[in-house]
Q: 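Pasting in a structure now, in structure tokens, and then I'll have a few things to ask.
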Amino acid sequence: MAEPFVGPSAVAERGPAVPGRFDRPGIGTFLAYLLAIAFFVASIDGIGISVEDLVAGIPGIGRMIGQMFPPDLSRLDSIALALLETFQMALVGTVFGIVLSLPLAILATRSQTPHILLYGCSRALISLFRTVPDLVWALLFVIAVGLGPFAGALAIMIDTIGFCGRFFAEAMEEADHGPQEALTALGASRLGRVFCAVIPAALPSFIGASLFSLEKATRASVVLGLVGAGGIGIELKVAMDLFSYAQAATIILSIFLLVLVVERVSTFLRQRVI
Amino acid sequence: MLALQPRPLAADPIRVEAAAPTPLAGAAVPAAVDLDIRGMVKSFGEAKPVLNGVDLAVLRGQSVALIGANGAGKSTLLRCCLRLIEAEGGSVRLLERDVRRLAPRDLRRLRARVGFVFQRHNLVPRLSALSNVVHGAQARHAGARYWLHGLAPKAVREEAMHCLDLVGLPHIARQRVDSLSGGQSQRVAIARALMQRPQFVMADEPVASLDPNAGEEVMGLFSDLMRREGLTLLFSSHDLRHAVDYADRIVGLRAGRVELDGPARAQDFAGLREIYG
């Protein structure tokens with residue numbers, strides 16, 4: 001005789017207990033969450049958020065925007081030259097930064113480094129370059145080599161080494177181990193293995209990180225001008241200090257255009273190459 | 001008398017009567033031993049070692065198939081022979097060198113004389129087939145000229161093309177290997193091994209990732225090339241028919257030990273299947 005049909009609900013009744021949707025946090029985790037929320041609330045209080053000040057400031061912003069239009073195009077040629085210098089600074093700094101970050105990244109990759117001491121030193125150097133803000137590097141280089149775009153390019157180079165060094169090392173760490181094993185098995189040197197198996201595997205990440213660092217450097221090079229490290233930043237500062245908002249508008253729009261073009265070209269290249 | 005001493009099989013669960021390795025046909029003098037493994041032990045931290053005292057000798061020019069269930073230690077054994085994985089005990093003499101005592105530079109020189117074909121071909125995906133084959137020349141030369149086919153000297157590129165021709169793929173030389181089929185990729189990997197001008201070839205389940213037709217085609221080509229070039233071959237396989245058809249001798253591993261060792265022609269499939277039991 002056939003057994004009576006047992007429906008899903010009946011199975012559920014006698015089956016194992018269904019685990020809860022979420023794990024109940026332990027007392028330590030709960031206290032950590034509580035502390036984080038309390039610190040965030042204290043931070044809001046600490047920075048003195050004031051809705052009244054924000055509302056009162058809106059007419060001032062409106063007035064400034066009103067004075068910005070129409071933008072003043074009388075100094076367009078010198079603004080264009082400063083813009084070109086800004087991009088040159090970003091490009092040269094980024095390219096040198098990328099080139100120098102490659103050997104440093106190889107040393108900072110645990111699976112490729114020739115010695116653990118070199119690994120530690122290169123990781124520390126990359127961390128230093130990455131954690132100190134580019135504006136601080138720019139101030140240091142302005143003191144070292146004087147005012148101008150060279151100081152800015154050096155600051156961008158150091159910042160790029162910090163950024164690309166870390167991403168390149170991570171990409172090489174994640175590279176497929178199979179081709180590396182094949183190169184090892186046929187007696188290739190360490191350098192041969194890195195250049196033949198590791199770098200080709202990590203190349204899409206290298207290109208992505210390099211293009212992103214160019215975009216980042218283009219934006220940063222605008223700000224670096226504010227501390228005298230060349231580029232269009234100083235033009236913007238002077239225009240704002242002299243309340244020439246119409247001229248500032250031209251500068252801001254041209255910066256926007258430059259950053260937009262670099263981002264578009266970068267996206268196009270990333271799609272084509274990767 | 002053969003230099004190789006066949007291991008005693010009296011206590012083995014699968015007994016093969018004709019266990020002595022087949023000497024090369026018509027050989028008047030004893031064949032040299034290209035690979036001599038004694039008491040190899042390797043574990044990966046588990047209580048039970050993956051290799052638990054493996055003894056194996058392979059004669060020059062011989063073709064030996066390693067069979068055994070998953071986890072029997074076939075891949076580990078092959079890798080330990082070239083120190084891609086370090087064994088914990090025992091000795092390995094490969095092409096008259098004591099592998100476990102070699103300094104890094106000498107180890108690289110030895111590896112250069114041994115072609116290794118992997119289950120998943122292990123080619124560099126973004127590079128062309130020709131560049132991948134040119135990599136094989138790094139066994140003999142160092143330097144950036146052997147990293148890409150575009151940088152390689154003319155003679156090296158010609159030799160790489162000849163190797164691709166031997167595996168029947170001269171027409172895909174400039175194609176990226178990630179656009180090739182599994183069978184084509186494995187043939188390129190064989191061409192890369194040939195480019196090394198090896199004296200010994202090891203292959204770790206070379207056709208396991210291929211469909212039956214491609215597997216048959218690649219295995220036939222591989223075996224023919226090894227015989228034509230007079231190379232010693234040690235390959236692992238799950239395909240018992242490949243072991244019988246393409247090897248002179250079959251060695252079965254079970255639980256990290258050699259449990260079967262005999263001429264391929266003397267084996268029957270039912271007997272061989274016992275190694276998986």
Side-chain angles (χ1 to χ4, degrees), chain A residues 98-100 102-103 105-107 109-119 167-211 269-274, chain B residues 75 78-79 81-85 104-128 131-149 151 176-178 185 188-189 192-198 201-204:
Chain A
I98 290 167
V99 170
L100 293 175
L102 187 61
I106 293 170
L107 297 177
T109 307
R110 191 179 281 274
S111 53
Q112 309 303 334
T113 191
H115 198 279
I116 193 74
L117 204 66
L118 285 171
Y119 168 80
F167 278 91
F168 286 7
E170 279 175 8
M172 286 193 280
E173 209 77 82
E174 288 163 9
D176 183 9
H177 188 68
Q180 296 176 53
E181 191 183 28
L183 269 290
T184 305
L186 62 78
S189 65
R190 181 191 300 275
L191 213 57
R193 196 177 61 209
V194 169
F195 278 90
C196 294
V198 181
I199 291 180
L203 203 61
S205 302
F206 282 12
I207 293 167
S210 301
L211 289 171
L269 288 176
R270 205 176 288 133
Q271 283 167 349
R272 281 295 295 269
V273 180
I274 303 172
Chain B
S75 300
L78 292 174
R79 280 170 168 78
C81 289
L82 281 181
R83 278 175 57 190
L84 296 173
I85 296 174
R105 185 182 290 260
D106 293 329
L107 178 62
R108 270 183 50 205
R109 285 189 186 133
L110 175 70
R111 284 171 174 167
R113 296 160 65 197
V114 181
F116 200 112
V117 178
F118 294 84
Q119 183 182 337
R120 285 180 58 237
H121 56 74
N122 286 358
L123 298 170
V124 184
R126 296 180 65 80
L127 300 184
S128 68
S131 282
N132 271 282
V133 179
V134 163
H135 288 169
Q138 290 185 50
R140 286 170 278 125
H141 310 283
R145 297 198 74 186
Y146 306 94
W147 293 350
L148 290 171
H149 81 81
L151 303 173
R176 270 172 59 152
V177 292
D178 49 7
S185 297
V188 174
R192 178 176 63 185
L194 291 174
M195 188 69 188
Q196 285 178 245
R197 300 185 195 162
V201 174
M202 295 182 187
D204 184 15

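By convention in this document, chain letters (A, B, ...) are assigned in the order of the sequence lines, proteins followed by strands, and residues within each chain are numbered from 1.
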Q: Where does Arg192(B) contact chain A at under 4.5 Å (heavy atoms): side chain, backbone, both or neither?
A: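 Contact with chain A: side chain only.
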
Q: For the CZ atom on Arg140(B), are there more than 12 heavy atoms of other groups (residues, nucleotides or ligands in this structure) within a distance under 6.0 Å?
A: yes

Q: Of all the heavy-atom pairs spanning Gln138(B) and Cys196(A), show the shortest one and how long it is.
A: NE2-SG, 3.0 Å

Q: Pick one of side chain, backbone, both or neither for Ala139(B), based on which atoms fall under 4.5 Å of a heavy atom in chain A.
A: both

Q: Checking Leu127(B) against chain A: side chain, backbone, both or neither under 4.5 Å from a heavy atom?
A: side chain

Q: Nearest heavy-atom pair of Ala185(A) and Phe118(B): which atoms, and what distance?
A: CB-CZ, 4.0 Å

Q: Looking at CZ of Arg193(A) and NE2 of His135(B), how far apart are the two atoms once the value is rounded to the nearest 0.5 Å?
A: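 Reported to 0.5 Å precision, the distance equals 13.5 Å.
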
Q: Which value, rounded to the nearest 0.5 Å, describes the distance between His141(B) atom NE2 and Ser189(A) atom OG?
A: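 So the NE2 of His141(B) and the OG of Ser189(A) are separated by 13.0 Å.
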
Q: Can you name the one residue among Arg111(B), Met195(B), Gln196(B) that meets side chain to side chain contact (heavy atoms under 4.5 Å, CB included) with Leu186(A)?
A: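 Per the side chain to side chain contact (heavy atoms under 4.5 Å, CB included) rule, the option paired with Leu186(A) is Gln196(B), out of Arg111(B), Met195(B), Gln196(B).
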
Q: Could you check which of Val117(B), Asn132(B), Val124(B) has the highest count of heavy-atom pairs closer than 4.5 Å to chain A?
A: Val124(B)

Q: Which answer fits Arg109(B), side chain, backbone, both or neither, if we ask what part of it has an atom under 4.5 Å from a heavy atom of chain A?
A: neither

Q: To the nearest 0.5 Å, how far apart are CG in Leu84(B) and CD in Gln180(A)?
A: 12.5 Å

Q: As an exercise, state the distance from CG of Asn122(B) to CG of Asp176(A), rounded to the nearest 0.5 Å.
A: 7.0 Å

Q: Working to the nearest 0.5 angstrom, can you tell me the gap between Leu191(A) CG and Trp147(B) CH2?
A: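 So the gap between those two atoms works out to 4.0 Å.
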
Q: Any chance CD1 of Ile116(A) has more than 12 other-residue heavy atoms, nucleotides or ligands included, within less than 6.0 Å?
A: yes

